[in-house]
Amino acid sequence: MMAHHAFNAREDVEGEYAYEGEVYWKDKTVEYCDTLLEELGADIEEVTYIEDPWVGGGNAGPAIEVIYKGLELATLVFMSMEQDEDGEYLLKDGNRYSKMDTYVVDTGYGLERWTWMSQGTATVYEAIYPEMIEFLRENAGIDYTEDEEKLVHAAARLSGNLDIDDVDDVEDARGDIADELGVDVDQLRTLVEPLEQIYAIADHCRTLAYMLGDGIVPSNVGTGYLVRMVLRRTKRLVDTVGVDAPLDELVDMQADRLGYQNRDTIRDVVRTEVEKYRETLERGTRRVEQLAEEYAREGEPIPTEELVELYDSHGIQPDTVEEIAEEYEAGVDVPDDFYAVVARRHGQESDDEDDAEDLAPDDFADLPGTDRLYYEDQNRMEFEAVVLDVSERDDGYDVVLDQTMFYPEGGGQPADHGTLSTDDVTADVTDVQQVGDVIVHHADEDPGKGEFVRGQVDSRRRRQHMRHHTATHLVSHAARQILGDHIRQAGAQKSTDSARIDLKHYESVSREQVEEIERLANEYVMQNVPVEQEWVDRNEAEAEYGFDIYQGGVPEGTQIRLIHAEEDTQACGGTHVSRTGDIGSIKILGTERVQDGVIRFTYAAGDAAVEATQRTENALLEAAEILDVTPQDVPETAKRFFDEWKERGKRVDELKEELAAARAGGSGDGEEVEIDSTTAVIQRLDADMDELRATANALVEDGKIAVVGSGAEGAQFVVAVPDGVAVDAGDVVGELASRVGGGGGGPPDFAQGGGPDSEALEAALEAAPDILKQVRNA
RNA sequence: GGGCUCGUAGAUCAGUGGUAGAUCAUCCCCCUGGCACGGGGAAGGCCUCGGGUUCAAAUCCCGACGAGUCCA
């Protein structure tokens, strides 16, 4: 698509906008359009301009459609109104609009449509990527007779003329076209539909090639989510139309055509995503099958509620559900406004923002910009300066100097700490912020306006920040070498003890890859290459290194600061060590997947790396000491101990059961009473719940009613009743438990309960025969 | 950024507070000349982790970790 724009402002609002006056408006725009079409070789007599008001995205205005030989080639939009409840104009979308202070020309010329027009192919798709269309048609086995080909050609041309705004129903439009061509609508559909799907595949593949080629990583959030949706839709189309080629191959055809260099990565991403989709579908299918079976059994249709759940939480489209449900002869209840129902489920979003600005820029507006000494010599930690201004705050003082060595918080690097001293006072600096060009030091004492101060930066803290900052560049660079060129930074944070960087990647990172990255990053450290900074014109920097230098965000200003470390170049305002060797070493502490498609690496550099390694080592040594083996033997020994522990657990269970059987058989210490013709055994064991249950089970095996109690942990009971005996175990336990201050219950043949009052256990058990009789009578 | 769902045997999943289950896979036995199938049996569980509620938690509540999904 091609376009030109003009930003106009009304004369009475001069000075309020970045632009003023009128550049050009409707007449001139149409004139330009005429000229362009003529230049392209169009017969100007065949051009028709149709005015049609435009509304969209809260703005509106007149618009002109440019039709050439019946085909819409361009739209010229004149945006001049904005949505306004009290506006004087009521437009076609039912909203009210009022005039804006500015008015903007927004044009769109369909370059590809022009190509189509000039080539005379059936559709625009054959005009712009004929090889791909041919490949897909052949692969899917779509073959037409000469007459059919003519029909399709004619239908395509008619479709091209449809005013998309006015087409509410594609089926109606198809009917109109069929009428016009004098054919049956069903015949037209079977003829055209597969072809339409092929066009969609080719076009989606191009979209995917663009998105993936430009380094977007599929994800469940943001732009990455869009890629995923397009990819899945394309995969569905490929399967529907019966194209027998892997999707990564199709996308690659477009990536190749568009001249992307990272084609291997693109294919890899597509393959990974297709596999993920396949798994999702499989999971979904199993789920739907279960539901379908369930509802089919009850003779009810699958309710909308379930469909929403399937779609929203599991990503299964209603039509997929219908397909599967059909096999189970289950009905499906899909409402027409299905997606509206889903939307309603999400409800209203609350957008309360609380970006409280601690420092008001106005406070320091009159002060000159602070000279930033930390860029001149990043290794110096001492300096002298004059106090230009001091403002008292609730919790201290904001001090502004003429120059400073203190680095203000920014670019993911925390502020420096340190002191500012005069002959009389020493103020601790606990925070440093940049406000406009002024650097503000937050201190606990007032050094005095106009005083001469000596500044001392906490050098251990700062050096750790420098190490971590340079390490961040190296880790990011190393990750790029190991994982691929698509690796982009999604955020970073440095501190004294560790640093982290979020990288976009399409699959989880293996332990081996982490080790590789760590090894490579440390190799850069050991090479001890200089880390250089330079201030350059941003346009020159972009021209030479591309937009990839903005990994950490896009800085302001025409001059930007570049940091070169190894082969890595980034725009960066942070402080860095002067040689990579100064980092000491880099230890990657761990990775986590912070969201789909974003991996967080946490690592430590310098002292912190040593400390982190020592911490892990200490944990290992401690474990080794407990097990009384060497650290190397810890995994094996732990495994053996774990296995043994499981083995013993099983043995204990077996013994408990044997013990229970023995107790039940001997029944020496249990009291026996006859309830009707059944023997009830009342026994106190003082054992855990497992043993009580086992004993009760063993007694029931012998055809006896079991009432066992324990005072081991509070008071606990298990009551079990053999089949065919008219005693409800739940009632018995309920009565027993209430006497020890608790509760209980369970099925009629096996109940458990207890309470905190173990003192009352004995009395409760003594009352058990009476309770049993009472319950039987009830 | 927000919402929702899930985490139980090697795999797929049941289990809505009261004795942890099914199917497949594994191993053993039977059936057969052999194989497929079939029949019988066994083994296999820190119910993701940490708190809380309860006489009692796989189950309810909170948090962490992991997986999935929808929306902006």
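Just so it is clear, the values below take in all heavy atoms, side chains as well, and ignore hydrogens, waters and symmetry mates. Each chain gets a letter, A, B and so on, in the order its sequence line appears, and its residues count up from 1. Since the structure is predicted, the reported quantities are computational estimates derived from the model, not experimental observations.
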> Figure out the CG/P separation between L692(A) and C55(B), and round it to whole Å.
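Taking CG of L692(A) and P of C55(B), I get 17 Å after rounding.
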> Near E592(A) CD, under 6.0 Å, is it more than 12 heavy atoms from other residues, nucleotides or ligands?
yes
> Taking all non-hydrogen atoms of both residues into account, name the closest pair between G744(A) and A737(A) and its distance.
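The pair with the smallest heavy-atom distance is N-CB, 4.2 Å.
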> Does U54(B) pair with anything, Watson-Crick or G-U wobble, both distances under 3.5 Å, and if so, with which nucleotide?
none
> G1(B) and G50(B): how far apart are their P atoms, nearest whole angstrom?
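Here G1(B) and G50(B) have their P atoms 29 Å from each other.
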> Quick check for you: among G45(B), U19(B), G68(B), whose closest atom lies nearest to any side-chain atom of Q752(A)?
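The closest nucleotide is U19(B).
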> Using the C1' atom as the reference point in each nucleotide, state the distance between G2(B) and U12(B) in Å, no decimals.
32 Å
> Would you call F750(A) stacked on U19(B), i.e. ring centres under 5.5 Å apart with the planes less than 30° off parallel?
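Aromatic stack with U19(B) present for F750(A).
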> State the pairing partner of A14(B); accept Watson-Crick or G-U wobble contacts with both distances under 3.5 Å, and report none otherwise.
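WC or wobble partner does not exist here.
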> Give a yes/no answer on whether the side chain of R283(A) brings an N or O atom under 4.0 Å of OP1 or OP2 in C6(B).
no
> With rounding to whole Å, what would you report as the distance between G45(B) and A58(B) at their C1' atoms?
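Comparing C1' positions in G45(B) and A58(B) gives a spacing of 11 Å.
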> Determine whether more than 12 heavy atoms belonging to other residues, nucleotides or ligands lie under 6.0 Å from atom CD of E282(A).
yes
> Which nucleotide, C70(B), U5(B), C55(B), lies nearest any side-chain atom of M229(A)?
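For the M229(A) side chain, the nearest candidate turns out to be C70(B).
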> Whole Å only: how far is the OH atom of Y225(A) from the P atom of U69(B)?
9 Å
> So what's C49(B) paired with, Watson-Crick or G-U wobble, going by both distances under 3.5 Å?
G63(B)
> Rounded to whole angstrom, note down the C1' distance from G39(B) over to C31(B).
8 Å
> Is the distance from OP1 or OP2 of U5(B) to the nearest side-chain N or O of Y311(A) less than 4.0 Å?
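So the side chain of Y311(A) is outside the cut-off, no N or O lying under 4.0 Å from OP1 or OP2 of U5(B).
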> So does D312(A) reach the base of U69(B) with its side chain, donor to acceptor, closer than 3.5 Å?
no
> Of the nucleotides G44(B), U5(B), G68(B), which has the atom closest to the K276(A) side chain?
G68(B)
> Output the rounded distance in Å from CD (Q317(A)) to P (C70(B)).
7 Å
> Among U69(B), C55(B), U5(B), which is the nearest nucleotide to the side chain of H314(A)?
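The listed nucleotide nearest to H314(A)'s side chain is U5(B).
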> Does U26(B) have a Watson-Crick or wobble mate here (both distances under 3.5 Å), and if so which one?
A42(B)
> Expressed as a whole number of Å, how far does the P atom of C24(B) sit from that of G68(B)?
29 Å
> Roughly how far apart, to the nearest Å, are A14(B) and A72(B) at atom C1'?
37 Å
> Report the nucleotide, chosen from G45(B), C65(B), U5(B), that has the shortest atom-to-atom distance to any side-chain atom of E592(A).
C65(B)
> If we take the P atom in both U8(B) and C13(B), what is their distance in whole Å?
9 Å
> Given atom CZ of R286(A) and atom P of A14(B), what is their separation to the nearest angstrom?
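Computing the R286(A):CZ to A14(B):P distance gives 10 Å.
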> So which nucleotide does G1(B) pair with, by the Watson-Crick or G-U wobble rule with both distances under 3.5 Å?
C71(B)
> Expressed as a whole number of Å, how far does the P atom of U48(B) sit from that of A20(B)?
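Between the two P atoms, the distance is 15 Å.
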> Looking at OG1 of T265(A) and NE2 of H486(A), how far apart are the two atoms once the value is rounded to the nearest 0.5 Å?
6.5 Å
> Among C55(B), U19(B), U69(B), which is the nearest nucleotide to the side chain of T280(A)?
U69(B)
> Does a side-chain N or O of Q290(A) approach OP1 or OP2 of A14(B) to a distance below 4.0 Å, or not?
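So the side-chain polar atoms of Q290(A) do come within 4.0 Å of the phosphate oxygens OP1 or OP2 of A14(B), strictly under.
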> Heavy-atom nearest nucleotide on RNA chain B for G315(A) versus P747(A): which residue maps closer to 5'?
P747(A)
> Can you work out whether D690(A) or R593(A) has the more 5'-proximal nearest nucleotide on RNA chain B?
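Checking each residue's closest nucleotide, the 5'-ward one belongs to D690(A).
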> Counting only side-chain heavy atoms from C-beta out, which of U19(B), G68(B), C71(B) sits nearest to V221(A)?
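My answer, after comparing the listed nucleotides, is C71(B).
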> Mark yes when over 12 heavy atoms from residues, nucleotides or ligands other than E762(A) sit less than 6.0 Å from its CD; otherwise mark no.
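Buried by this count: over 12 neighbours within 6.0 Å.
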> Would you say H468(A)'s side chain and S495(A)'s backbone share a donor-acceptor pair under 3.5 angstrom?
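Yes; at least one donor-acceptor contact below 3.5 Å.
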> Any ion pair linking R693(A) and D690(A) (charged N to carboxylate O, less than 4.0 Å)?
yes
